[in-house]
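Some notes on the structure that comes next.
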Amino acid sequence: MGRSTEKPRSEPDAVERDLIEKARGGNLFAFEEIVRRHERRVYAVAFRILRRHDAADDVAQEAFVRAWRNLADFDLERPFAPWICRIAANLAVNEVRSPRAREEGLPEGHAESPSVAPSPLEGVLDAEARSMLDTAVAALPLEQRAVFTLRVYEEQSYKEIADGLGISAGTVMSRLSRAREKLRVALMPYLGPTAARAGGGSGGAS
Amino acid sequence: MNGHVVEQLSAFLDGELPERERAAVAQHLEACSQCNAHLDELAAVDRLATSVPVEAPEGYFDSFASRVRDRVRKPRRRSFAAPMWVLAAAATLLLAVTAPLLLRRQLEVAWVEPPAAVTSAPALSLTPAPSAPPSDAQERLRALGYVQDKLESKRDDGRRAGRPAEKAPARTPASRPEPKDEAMNAPPPATTAVPAAPPPAAIVPAPTSQAKARSQVESDDDARTAGVEEREQRLERNSQPSAASGFATPPESAALETREVPKPALQKTAPSAAFRALLDRRAATIAEARGLREAWRAFAQGAPEAEADEARVRVIESGREAFRLSSERVDLDQLRRDASAYLKRADAHQAERIRALLRDLPR
């Protein structure tokens with residue numbers, strides 16, 4: 001398997017800003033560098049929502065294409081990653097039901113083989129819990145997965161998510177609440193004090 | 001309900017509750033072990049979820065950036081991308097009709113870029129040929145009489161003109177196939193190309209939507225991304241998922257209104273505004289493709305002959321696109337009917353093109 005996709009909490013840095021400015025001027029090489037910096041994260045967002053490699057690949061690429069075309073609209077004072085991730089999430093939500101997806105027989109909520117692979121980080125989280133999580137997430141409506149992904153993995157605010165997906169903050173709130181509740185019910189056996197320690201990658205919320 | 005705050009716990013966890021609600025929830029939590037446990041479980045859901053990384057196939061990212069680059073340079077004709085040859089045709093038209101001198105200069109500049117960039121998109125072979133390569137677009141426009149005679153001697157230049165237009169990185173408004181650019185894609189110098197009092201109905205919608213698009217751009221901030229615009233378009237689509245003919249965008253209404261207005265004088269020098277509007281229109285969804293097909297069909301009925309022939313071909317091509325997007329029998333049947341009807345015409349100037357299109361269809 002390939003390397004794990006990363007989830008850096010990116011801040012606007014000078015190098016990136018420089019790259020974006022060059023890209024804005026039409027410098028495709030600079031843009032390629034931006035792509036390389038964010039490709040894993042964008043792919044991960046798309047994959048978590050779509051749960052299929054081919055669809056995620058398509059959306060991830062397209063997100064960058066859209067970003068390239070809309071660089072002029074990007075606010076240089078802000079980090080690039082959340083912006084491109086929102087574009088990807090929006091595409092994932094809106095394109096998965098596109099005719100093309102149907103043409104290729106892409107059923108919503110269908111998970112391609114093992115979507116996740118064991119990571120050495122979590123010894124506690126056993127295969128069973130992983131499998132339960134996978135099933136539970138797959139059962140979520142696409143819109144809820146998108147909101148859940150942007151909030152839980154990308155740590156975006158409700159307003160950012162709302163703007164990115166074109167819904168109200170109230171809708172973000174309710175979708176997220178419902179998604180978490182469904183996952184809570186499905187994963188109940190794994191949410192006890194023992195499982196709570198499993199979150200090696202979470203950065204220790206609360 | 002016995003005062004529990006379960007429904008607010010998710011937002012409480014995220015620190016997204018308004019202060020008053022937050023305080024109320026916090027107060028409740030002090031006394032309610034049940035809600036406290038619930039909150040812990042929700043937090044555990046997040047931790048559990050984030051403990052599982054996403055893995056991409058081995059080597060997947062090795063070529064990712066270069067594939068994005070190819071796609072930027074050469075968008076495939078698909079649900080995401082606009083048909084570049086249409087844009088190329090529009091650009092070519094703009095150049096050929098309005099400014100021969102500019103055309104020549106444009107060629108010199110554009111050809112500095114390595115042509116390899118254009119041909120290196122393997123994805124292109126996967127797409128059901130939107131048929132006309134850009135140079136062909138020039139030919140077709142010439143066939144339609146839109147290229148002035150004095151340009152005839154520059155035929156070779158004209159052939160090449162399509163390629164730079166197609167290759168131009170999607171940075172200029174004229175070549176950005178974003179929905180919001182729909183109006184902007186109408187070549188700005190169009191007004192100079194159609195000096196002879198064009199039908200008002202055809203002209204009015206364009207500046208309006210153009211102004212709208214522009215003000216949208218101006219009000220853009222981080223939040224108003226391409227994605228948002230895409231979504232806005234999509235919301236419209238979703239509200240009428242299969243409204244094939246009910247799809248009314250400014251260009252279409254322009255087409256419908258203006259086809260009743262005779263304008264033979266314009267025909268030889270410039271396409272009608274409605275024709276251009278339809279040329280600029282893109283179809284990313286089934287409904288759009290079907291809508292475009294029907295708009296071309298309607299347009300063909302009252303159009304001058306040169307435009308009518310092209311419009312009939314466009315009926316078939318947008319029908320092909322509708323079928324490609326939908327894979328539905330109904331579209332295939334319609335496509336076959338349209339193609340067959342076209343080929344039976346004595347004035348089918350582009351019959352070979354349609355035959356080629358038919359050959360690529362599934363049996």
Side-chain angles (χ1 to χ4, degrees), chain A residues 1-2 4-5 26 28 32 35-36 39-40 43-44 47-48 53 61-62 64-66 68-70 73 75 78 83 86-87 90-91 94 98-100 103 116-117 119 121-122 125 130 133 151-153 158 163-164 166 173 176-177 180 183-184 187 190-191 195-196 198-202 205-206, chain B residues 7 9-11 13-14 16 38 40-61 64-69 71-73 75 78-81 169-171 176 178 217 220-228 230-232 234-235 285-286 324-327:
Chain A
M1 286 306 257
S4 166
T5 52
L28 203 43
E32 270 188 76
V35 172
R36 274 189 287 272
E39 58 193 7
R40 291 166 189 278
Y43 172 83
F47 186 88
R48 287 193 193 279
H53 170 69
Q61 287 191 56
E62 186 60 22
F64 283 108
V65 173
R66 296 286 169 94
W68 164 261
R69 293 193 192 126
N70 290 281
D73 300 338
D75 181 356
R78 302 195 186 202
W83 185 66
R86 281 195 294 277
I87 294 176
N90 185 294
L91 285 170
N94 290 313
S98 75
R100 191 172 154 276
E103 184 181 1
V116 292
S119 148
L121 279 179
E122 342 87 33
L125 186 63
R130 194 186 306 278
L133 174 69
R151 173 63 220 173
V152 174
Y153 300 97
Y158 286 12
D163 289 345
M173 187 181 295
L176 194 50
S177 177
R180 278 181 172 138
L183 294 180
R184 187 190 74 90
L187 299 169
Y190 310 99
L191 301 179
S202 72
S206 76
Chain B
E7 276 150 24
L9 288 179
S10 167
L13 191 65
D14 293 327
E16 292 270 3
H38 201 119
D40 287 346
E41 286 161 359
L42 290 180
V45 164
D46 282 12
R47 283 196 296 274
L48 202 150
T50 50
S51 69
V52 182
V54 166
E55 301 277 348
E58 185 74 48
Y60 167 65
F61 290 111
F64 185 90
S66 63
R67 279 180 293 135
V68 168
R69 181 191 56 211
R71 211 145 137 170
V72 162
R73 284 184 168 161
R78 53 198 301 286
S79 57
F80 284 131
R171 299 289 302 160
R176 287 169 53 173
E178 285 301 300
V217 170
D220 267 357
D221 59 14
D222 192 9
R224 295 188 62 80
T225 63
V228 176
E230 178 70 14
R231 175 261 314 167
E232 283 165 353
R234 226 158 269 282
L235 284 180
T285 66
I286 299 174
R324 190 182 73 76
L325 291 168
S326 74
S327 295

Looking only at heavy atoms, what is the nearest atom pair of [X] and [Y], with distance?
{"X": "A:Met173", "Y": "B:Ala11", "value": "CG-CB, 3.7 Å"}
{"X": "B:Val68", "Y": "A:Val65", "value": "O-CG2, 4.3 Å"}
{"X": "B:Ala49", "Y": "A:Arg48", "value": "O-NH1, 4.3 Å"}
{"X": "B:Ser10", "Y": "A:Arg180", "value": "OG-NH1, 2.7 Å"}

Euclidean distance, B:Arg73 CZ relative to A:Trp68 CH2, rounded to 0.5 Å: 9.0 Å
Rounded distance [0.5 Å steps], CZ in A:Arg40 versus CD in B:Glu55: 9.5 Å
4.5 Å side-chain heavy-atom contact, A:Leu176 and B:Glu16: no
For A:Arg151, side-chain hydrogen bond (donor to acceptor under 3.5 Å, both in side chains) partners two or more places apart: B:Asp14
A:Arg184: partners by salt bridge (charged side-chain N to carboxylate O under 4.0 Å, His left out), with sequence neighbours left out: A:Glu181, B:Glu41
Output field: ring centroids B:Tyr60/A:Tyr43 closer than 6.0 Å: yes
